[in-house]
Amino acid sequence: MIKKTLISFAFIFTATVFFAKDRPVVTEINAYPGKGTVINISWKIPVNPDKEIDSFSVYRSSSPIGTYYDLSKAKLIGTVDSVTSGFTDNVKNYNDYYYAVVAVIENQPYDIILPSINSTVNGVHLKLPEKGENITKSPSAKERLIGVDELREIPLPYLNMADYTRKKPLPLSMQVKNAAKSLTGGQKKKESKQLDIYVFEEDLISPDGGDDYLLFDILKNTFIQKKYSDAAVQLESLLGTNCSLSVQRRAIFYLGESQYYYQDYAQAVRTFLRIYEIYPSLTKKWIDSSLDFLYQEN
């Protein structure tokens, strides 16, 4: 009986995915809580749909959105262009929420609802603040430096810098040097020591699945094992996939850290510059430190 049920489910899921193929329907929708009052929604944009998409509409509901009728009762919370694969929702309570994303074609919604494909089937809610924590005063999830003692109490422990043989870095172009100097003030320091490891709060605890888990798995098996060269290779591979925007940004930062720790400081500067506008104060410190080591080598 169980076997028949599983086969039926697999058939229905396969048929649903096949139905979505070549149609203006997003796939692989995912909703997960961010920091504070934020819930992030991501999806995969359809490839070569049979109709031209003008934009995507994002809907929110307090109950699952499984039919057109459910969609008609849901709240339209935002519209993004046809090349955007994510949306950030701000909510005011800890209720469970469900989301759906539909394409807009010639000012009309393509209101086909496929549960787990373009609508979420599991409710998502904000992270509950820890005891004694005031959520309005919580540090930003974008830039939070985790202390040594705190890391020893959670899955990603504090990492001490391994004594690697210095690699000769590739030379930085004058354009990259000038860009980095403009961000750091261009000042040289006589003595430098490597920065302590930085881990984003989202990656301290194993997530349930999705792109966040893929990133967590790379960090667990390479990064925290001080296998920084292996970490860089796997992070580059992850960045070559259609992962969510938030995972892309964190993966780029970890890639820069990995290059920094195996002492390819020139490449680390280039990598950190890619996300300077996202994490300005954080990347400035790492660019500054990388340049200090480059100055000492010259």
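Scope of the values below: all heavy atoms of this structure, side chains included, with no hydrogens, waters or symmetry mates.
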*Is Val269 close to Leu273 at the side-chain level, that is, under 4.5 Å between some pair of heavy atoms?*
yes

_Closest approach of Ile39 to Leu126 (non-hydrogen atoms, all atoms of both residues)_ = CG1-CD2, 3.8 Å

*For the hydrophobic clusters of this structure (ILVMFWY residues joined by side-chain heavy atoms under 4.5 Å, transitively), does one cluster hold both Ile77 and Ile29?*
yes

_Taking the ring of Tyr279 and the ring of Tyr198, is the distance between their centroids below 6.0 Å?_
no

*Please write out which residues are connected to Leu76 in a hydrophobic cluster, directly or through intermediates, given that two of Ile, Leu, Val, Met, Phe, Trp, Tyr count as joined at side-chain heavy-atom separations below 4.5 angstrom.*
Tyr59, Ile65, Leu71, Val102, Ile113

_Evaluation steps, side-chain contact (heavy atoms from CB on, under 4.5 Å), between Leu215 and Asp211_ = CA-CA 6 Å; Leu215 177 58; Asp211 298 335; over 6 Å; no

*Out of curiosity, does Val247 fall in the hydrophobic cluster containing Tyr32 (side-chain heavy atoms, cut-off under 4.5 Å, transitive links)?*
no

*asked:* Within the 4.5 Å heavy-atom criterion, are Glu106 and Lys51 side-chain neighbours or not?
replied: no

_Close side-chain approach of Asp212 to Arg250, heavy-atom, < 4.5 Å_ = yes

*Taking all non-hydrogen atoms of both residues into account, name the closest pair between Ala103 and Ile53 and its distance.*
CB-CG2, 4.0 Å

*Under 4.0 Å between a Lys/Arg side-chain N and an Asp/Glu carboxylate O for Lys285 and Asp288?*
no

*Could you give me the CA-CA distance, side-chain angles and deciding distance for Phe253 and Ile278, then say whether side-chain contact (heavy atoms from CB on, under 4.5 Å) is met?*
CA-CA 10 Å; Phe253 185 85; Ile278 308 301; over 6 Å; no

*For Asp81, side chain to side chain contact (heavy atoms under 4.5 Å, CB included) partners two or more places apart*: Val83, Thr84

*Which pairs with one or both residues in residues 86-103 pass salt bridge (charged side-chain N to carboxylate O under 4.0 Å, His left out), sequence neighbours excluded?*
Arg60-Asp89

_Worked check of side-chain contact (heavy atoms from CB on, under 4.5 Å) between Ile41 and Tyr97_ = CA-CA 11 Å; Ile41 305 99; Tyr97 291 105; over 6 Å; no

*Between Gln248 and Cys243, is there a donor-acceptor pair closer than 3.5 Å when you use the side chain of the first and the backbone of the second?*
yes

_Asp70 and Thr67: side chain donor to acceptor below 3.5 Å_ = yes

*Min side-chain heavy-atom separation Ser55-Val80 under 4.5 Å*: no

*Please name all residues satisfying side chain to side chain contact (heavy atoms under 4.5 Å, CB included) with Asn107, sequence neighbours left out, ordered by chain then number.*
none

_Checking Thr222 now: which residues fulfil side chain to side chain donor-acceptor pair (under 3.5 Å) with it, not counting sequence neighbours?_
none

*Minimum heavy-atom separation for Pro46 to Phe56, with atom names?*
CD-CZ, 4.0 Å

*Mind checking whether Phe223 and Ile197 have side chains closer than 4.5 Å, heavy atoms only?*
yes

*Grab the two heavy atoms, one from Thr271 and one from Gln259, that are nearest each other, plus how far apart they are.*
OG1-OE1, 2.6 Å

*asked:* With a 4.5 Å cut-off on side-chain heavy atoms, are Val38 and Asn90 touching?
replied: yes

*Should the pair Tyr260 and Trp286 be assigned to parallel (<30°), tilted (30 to 60°) or perpendicular (>60°) ring geometry?*
perpendicular

_Test ring pair (Phe, Tyr, Trp, His ring centres under 6.0 Å) on Tyr99 and Phe87; report intermediate values, then the result._
CA-CA 11 Å; Tyr99 295 89; Phe87 184 84; 8.4 Å; no

*With a 4.5 Å heavy-atom cut-off, do Tyr254 and Val199 have their side chains touching?*
yes

*Is the shortest heavy-atom distance from the side chain of Leu235 to the side chain of Ser258 under 4.5 Å?*
yes

*Residues sharing Leu245's hydrophobic cluster, by side-chain heavy-atom contacts under 4.5 Å among ILVMFWY, directly or via others?*
none

*Step by step, would you call Asp230 with Val233 a side-chain contact (heavy atoms from CB on, under 4.5 Å)?*
CA-CA 5 Å; Asp230 292 341; Val233 171; 5.6 Å; no

_Tell me the closest heavy-atom pair linking Asn242 and Lys44, and the distance in Å._
ND2-CG, 3.1 Å

